[in-house]
2 protein chains.
Amino acid sequence: MSTLIHESAAECCTTPTSSTLDPERAADLAARFKALGDPNRIALLSLIAAGENAEACVCDMTEPLGLGQPTVSHHLRILTDAGFLTREKRGTWAYYSIVPGALESLCSELCADSGLGSMLQASRTVKDAQEPCC
Amino acid sequence: MSTLIHESAAECCTTPTSSTLDPERAADLAARFKALGDPNRIALLSLIAAGENAEACVCDMTEPLGLGQPTVSHHLRILTDAGFLTREKRGTWAYYSIVPGALESLCSELCADSGLGSMLQASRTVKDAQEPCC
DNA sequence: CTCGTATATCGACAGACGTCAATATTCTTG
DNA sequence: CAAGAATATTGACGTCTGTCGATATACGAG
């Protein structure tokens, strides 16, 4: 798998071409974005955020989504593995709640690592101070 | 404000069950996140942001990514359709550049529509003013 | 301990996705 | 107009993903 730059770097002639963010980091960011790339998972985040104490258990989510319980568990697992949710088991029930900084962190990491940040500052002159972005 | 309701509101008996953000909106958000859910596409964004004038043409991207030209075009199309890139054809070359507010807009929309915003404010007390989030 | 409930895991399957080779399209140049 | 170059599109193929039914696991009640 060649992809991107980053080579061993100890090489005598490292390609002078602009090296981008290393593949590992790109994969990490992409994996987290992918976890958000499903309508039902977005709906789950919304349901949890809107729930009592900003948490919700599986049984409360399977019906609004119209999905089977295994499927809901599956999606919750993906969101949890991606770092967007935490699971707390109280009795027989499993309560999922949102990890506070996860989403903003993802966005800001992409901006920072990819050099998108400078882009944005330039654009900020146009539509500045419109939305605090989270 | 529980937000995310939206219903027609004119209905006499809107289902009192907690309705989340409407499926259309969830699908829209998810589609945009999905566009970011691939390592090579993240790398493309980075490459473009790091390019001269914050733009890049296809021929400059196929080699750093180690992908074929059709595949790169495919990924660029996905990012463009999702609203993250714009395409400008100068002569035979196609220059792609980043749409300024697209990423922050996506993040803030998710926060707003899903009621995640209130969650974040609560959490902001803890790790406030750390990262401006884009 | 046994039973019922809530959740997680497994196996299977249709559909979507990433990738490439081949081809079509568009544009510059002679 | 013809030739060549850059990019987009098409078709095909293997892999991944979302979904379900069936089953396993964990826990409270009796």
Side-chain angles (χ1 to χ4, degrees), chain A residues 1-4 23 26-48 51-52 55-82 84-97, chain B residues 23 26-48 51-52 55-82 84-97:
Chain A
M1 293 312 172
S2 52
T3 65
L4 293 232
D28 173 48
L29 294 173
R32 279 186 276 170
F33 278 119
K34 187 187 290 189
L36 299 175
D38 182 281
N40 289 319
R41 289 199 284 270
I42 297 290
L44 280 174
L45 286 178
S46 170
L47 265 173
I48 293 171
E52 198 88 9
E55 64 183 10
C57 67
V58 183
C59 60
D60 293 332
M61 294 185 268
T62 149
E63 183 263 344
L65 261 72
L67 292 178
Q69 173 265 318
T71 303
V72 173
S73 272
H74 176 237
H75 286 309
L76 290 171
R77 187 189 214 293
I78 289 177
L79 287 170
T80 303
D81 288 348
F84 294 110
L85 295 179
T86 52
R87 196 181 89 114
E88 186 197 355
K89 196 157 189 190
R90 284 205 291 275
T92 318
W93 294 271
Y95 285 84
Y96 287 85
S97 50
Chain B
D28 172 48
L29 294 173
R32 278 186 276 171
F33 277 119
K34 186 187 292 188
L36 300 175
D38 181 280
N40 289 318
R41 289 199 285 269
I42 297 290
L44 280 174
L45 287 178
S46 170
L47 265 173
I48 293 173
E52 198 88 9
E55 64 182 10
C57 67
V58 182
C59 59
D60 293 333
M61 294 186 268
T62 146
E63 182 263 344
L65 262 71
L67 292 178
Q69 172 265 319
T71 304
V72 173
S73 271
H74 176 235
H75 286 310
L76 289 171
R77 186 190 214 293
I78 290 177
L79 287 171
T80 303
D81 288 348
F84 294 110
L85 294 179
T86 51
R87 194 181 89 115
E88 185 197 355
K89 197 159 190 188
R90 284 204 291 275
T92 316
W93 293 270
Y95 285 84
Y96 287 84
S97 50

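The model shown is predicted, which means the values in this text are computed figures rather than measured ones. Every chain is numbered from 1 and lettered A, B, ... according to where its sequence line falls, protein lines coming before strand lines.
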Quick one: does [X]'s side chain get under 4.5 Å of [Y]'s, heavy atoms only?
| X | Y | value |
| --- | --- | --- |
| A:L67 | A:H75 | yes |
| A:R87 | A:L76 | no |
| A:I48 | A:L79 | no |
| A:D81 | A:R77 | yes |

Q: Look at the side chain of A:Q69 and the base of C:dA6, then say whether one donor and one acceptor between them are separated by less than 3.5 Å.
A: no

Nearest-Å distance for atom pair [atom1]/[atom2], residues [X] and [N]:
| X | N | atom1 | atom2 | value |
| --- | --- | --- | --- | --- |
| A:L67 | D:dT17 | CG | P | 18 Å |
| A:F33 | D:dT17 | CZ | C1' | 20 Å |
| A:E88 | C:dA6 | CD | C1' | 16 Å |
| A:W93 | D:dG28 | CH2 | P | 9 Å |
| B:R87 | D:dA6 | CZ | P | 15 Å |
| B:M61 | D:dT7 | CE | P | 8 Å |
| A:I78 | D:dT19 | CD1 | C1' | 11 Å |
| A:Y95 | D:dA26 | OH | P | 20 Å |

What's [X] touching, base or sugar-phosphate or nothing? Going by heavy atoms closer than 4.0 Å.
| X | result |
| --- | --- |
| B:L76 | nothing |
| A:Y96 | sugar-phosphate |
| B:R90 | nothing |

Below the 4.0 Å mark, does [N] have OP1 or OP2 next to a side-chain nitrogen or oxygen of [X]?
| X | N | result |
| --- | --- | --- |
| B:K34 | C:dC17 | yes |
| B:H74 | C:dC20 | no |
| A:R41 | D:dG18 | yes |
| A:S73 | C:dA8 | yes |

Please report the interatomic distance [atom1]([X]) to [atom2]([Y]), rounded to the nearest 0.5 Å.
| X | Y | atom1 | atom2 | answer |
| --- | --- | --- | --- | --- |
| B:L36 | A:L29 | CG | CG | 9.5 Å |
| A:T71 | A:N40 | OG1 | CG | 9.0 Å |
| B:T86 | B:E55 | OG1 | CD | 9.0 Å |
| B:L44 | B:Y96 | CG | OH | 10.0 Å |

What's the closest nucleotide to the side chain of [X] if the choices are [options]?
| X | options | value |
| --- | --- | --- |
| A:T92 | D:dA6, C:dA6, C:dA8 | C:dA6 |
| A:A94 | D:dT7, C:dA8, C:dC20 | C:dA8 |
| B:N40 | C:dT19, C:dT7, D:dA8 | C:dT19 |
| A:H75 | D:dA8, C:dT7, D:dG18 | D:dG18 |
| A:K89 | D:dG21, D:dC27, D:dT9 | D:dC27 |

Q | A:G37 or B:R77, whichever maps to the more 5' nucleotide of DNA chain D | A | B:R77

Q. When the nearest nucleotide of DNA chain D is assigned to B:V72 and to A:G66 on a heavy-atom basis, which residue is associated with the more 5' position?
A. B:V72

Q.
Angle between the two end axes of the helix from C:dC1-D:dG30 to C:dG30-D:dC1, five base pairs per end, rounded to 10 degrees?
A. 30°

